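See below for the structure under consideration.
Computed from a predicted structure; not experimentally measured.
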Amino acid sequence: VQLQASGGGLVQAGGSLRLSCAASGRSFGNYALGWFRQAPEKEREWLASTSRSGGSTWCADSVKGRFAISKNNAENTVYLQMNSLKLEDTAVYYCAAATYYGSDYSLYDYWGQGTQVTVSS
């Protein structure tokens, strides 16, 4: 499966962005999807995952209540809604696909190219 992330950009602190990840190739419904981010000189951080059906979702404690993941199998797209953005949310955001959901990035076999999110004061 090929993944294409989009929707990043420059936003003021307190604002919102919705990232999209469009998939092509093998059946999208066969994959659990996740969002990760990586800031300069920091480890890649898991943010959220959704089950293959999209019926179950999980969020990291660090973003719970502000970020939400959703999966639309009909549109072959997974979204990350980000609200109340903070300066520390600045990073490159990646979507990824796996056979089984989880927070460990090693579970994910397919990765999008990343989209930059910059939060300004």
| message | One pair to check against side-chain contact (heavy atoms from CB on, under 4.5 Å): Leu17 and Val117. What are the steps and the verdict? | response | CA-CA 9 Å; Leu17 278 177; Val117 172; 3.9 Å; yes

Hey, does [Y] have a side-chain heavy atom less than 4.5 Å from the side chain of [X]?
X: Leu10; Y: Gln116; answer: no
X: Ile69; Y: Lys71; answer: no
X: Leu3; Y: Trp111; answer: no

| query | When you look at Tyr31 and Val1, which way does the side-chain contact (heavy atoms from CB on, under 4.5 Å) test go after all the steps? | reply | CA-CA 9 Å; Tyr31 295 94; Val1 62; 4.1 Å; yes

| task | Report yes or no: does Thr50 contribute a side-chain atom to a donor-acceptor pair with the main-chain N or O of Ser56 at less than 3.5 Å? | result |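 Yes; judged by distance alone, with no hydrogens or angles, the pair exists.
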
| Sidechain-backbone polar pair: Ser20 side chain, Ser6 backbone, donor-acceptor under 3.5 Å |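 No; zero donor-acceptor contacts below 3.5 Å.
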
To the nearest 0.5 Å, what is the distance between [atom1] on [X] and [atom2] on [Y]?
X: Lys42; Y: Glu88; atom1: NZ; atom2: CD; answer: 8.0 Å
X: Arg37; Y: Leu47; atom1: CZ; atom2: CG; answer: 5.0 Å
X: Tyr100; Y: Asp109; atom1: OH; atom2: CG; answer: 11.0 Å
X: Trp58; Y: Ser51; atom1: CH2; atom2: OG; answer: 5.0 Å
X: Gln81; Y: Ser16; atom1: CD; atom2: OG; answer: 6.0 Å
X: Leu19; Y: Cys95; atom1: CG; atom2: SG; answer: 9.0 Å

Do [X] and [Y] land in one hydrophobic cluster if side-chain heavy atoms of ILVMFWY residues count as linked below 4.5 Å?
X: Val78; Y: Leu107; result: no
X: Phe67; Y: Leu87; result: yes
X: Tyr105; Y: Trp35; result: no
X: Leu33; Y: Tyr101; result: no

| task | Looking only at non-hydrogen atoms, find the nearest pair between Ala5 and Thr115 and report the distance. | result |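 That would be CB-CG2, 4.2 Å.
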
| Have Ser62 and Glu45 got a donor and an acceptor in their side chains that come within less than 3.5 Å? |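 Indeed, the side chains of Ser62 and Glu45 share at least one donor-acceptor pair under 3.5 Å.
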
| task | State, without any angle test, whether Tyr108 and Ser49 hold a side-chain donor-acceptor pair at a distance under 3.5 Å. | result |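 Present: a donor and an acceptor within the cut-off.
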
| side chain to side chain donor-acceptor pair (under 3.5 Å) assessment of Thr77 paired with Asn72 | CA-CA 5 Å; Thr77 304; Asn72 187 323; over 6 Å; no

| task | Take Leu80 and Tyr93 through the test side-chain contact (heavy atoms from CB on, under 4.5 Å) and record every step on the way to the result. | result | CA-CA 10 Å; Leu80 185 69; Tyr93 284 68; 4.2 Å; yes

| task | Give the intermediate values and the outcome of side-chain contact (heavy atoms from CB on, under 4.5 Å) for residues Gln113 and Gln4. | result | CA-CA 6 Å; Gln113 84 287 5; Gln4 179 78 29; 3.1 Å; yes

Can the positive tip of [X] be found less than 6.0 Å from the middle of the six-membered ring of [Y], inside 45° of the ring normal?
X: Arg44; Y: Tyr94; answer: yes
X: Arg18; Y: Tyr79; answer: yes
X: Arg52; Y: Phe28; answer: no

| query | Would you call Asp89-Lys86 a salt bridge at under 4.0 Å N-O? | reply |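 Salt bridge: no.
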
